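I have placed the structure first, in the form of structure tokens, so that the comments after it can refer back to it.
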Amino acid sequence: MGEIWIKEAERLGDGSIGGDMDTPSLPGRVVWHTTESGQGNASFDAVGRYLMSIGAEPHFLYDPSTDRLAQYGPIDKSARALKNDGSTRTNRTGRVCVQIEVLGRAGSPFTRTWKPGPNFKALMRAIRSWGVPDVFPMGSLASQYGDPTAKRTRSTWLTKGGHYGHCNIPGNDHWDPGKIDVTALFAAAPVTSTPSTPKPSTPAKPSVSVAHLNAARAKDIPAKTGHTTYPTEVKVVEAALKAEGLLDAKYAGDGSWGTTTEAAYNAFRRKVGYTGSAATGAVGLESLKKLAARHNFTAKA
Ligand SMILES: [Zn+2]
């Protein structure tokens, strides 16, 4: 199931313009129209009302000069802008048949002067959410009324998902939306790849070097409070000492091996059985490994 109402779009009418699709197992498609009117808000409002008054509502009314977008009805139901092809209800062909009336004239293709913005991107996002591919299965659009290069091949219409002009619909004779630049049409709403969810992985264990800690001791203790030498590694040790309940939180994140950190480390050594001079002075690899084993880091020389 794709998007049914585009949250960025204004609403026009009461939302009930059509019904269930006749052939929901056929691929989804889009039909582009032009309103054969001017552009801008006055035209938008007038055409918006006019299409309702004649019961020929598309799903969407779009102004390519302002990026204004309005929606008449839900994408998963039919719209009313096409003529039937004999007994085939073209408005109800496919999983979806998204019809877009673009303010403008077929004789002056809208992609020449348009200013697509966020609403155009939202429109394309909703279309793609129904699996409609970025292709024009009939090939060419019409450059004038009756242009024979614009095919209306019935079998293509019935079997291929993608984008069509009104000029491509069997049983219809209109030639809109004119020869719009289909490459520009898709390029104006680039498909943004969904960032893949990173695999939850076990974060690498931090590694702490005894030599670095002792270098930090030598420099940080005599220096001003807050002096740091190997702050990343000292912080790992401080966090472990805090977790042991030996270092107050306010010292645990500064990365400076000051006298408070030194005292906490000595307390840890006593806690794990060191006594006398073995519980003070330079940090030894053995005691650091004991702390590392309890707090998920690696101790090295
Ligand atoms: Zn049309």
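Everything numeric in this text was worked out from a predicted model, so none of it was measured. Sequential numbering from 1 along the given sequence is applied to the chain's residues. Both counts, for ligands and for their atoms, begin at 1 and track the order of listing.
Take the Zn ion (ligand 1) as the corner point: the lines to OD2 of D176 and to ND1 of H33 open at 100°, to the nearest 10 degrees.
The OH atom of Y72 lies 4.5 Å from the CG atom of L51; values are rounded to the nearest 0.5 Å. For the atom pair CZ (R95) and CE (M1), the distance works out to 8.0 Å, reported to the nearest 0.5 Å.
Between L26 and M21, the closest side-chain pair of non-hydrogen atoms is not below 4.5 Å.
Residue contact annotation: E101 places no N/O/S atom under 2.8 Å from the Zn ion (ligand 1). Residue H166 counts as close to the Zn ion (ligand 1), with an N, O or S atom under 2.8 Å.
Using the six-membered ring where Trp is involved, F268 and Y265 have ring planes that are tilted, between 30° and 60° apart.
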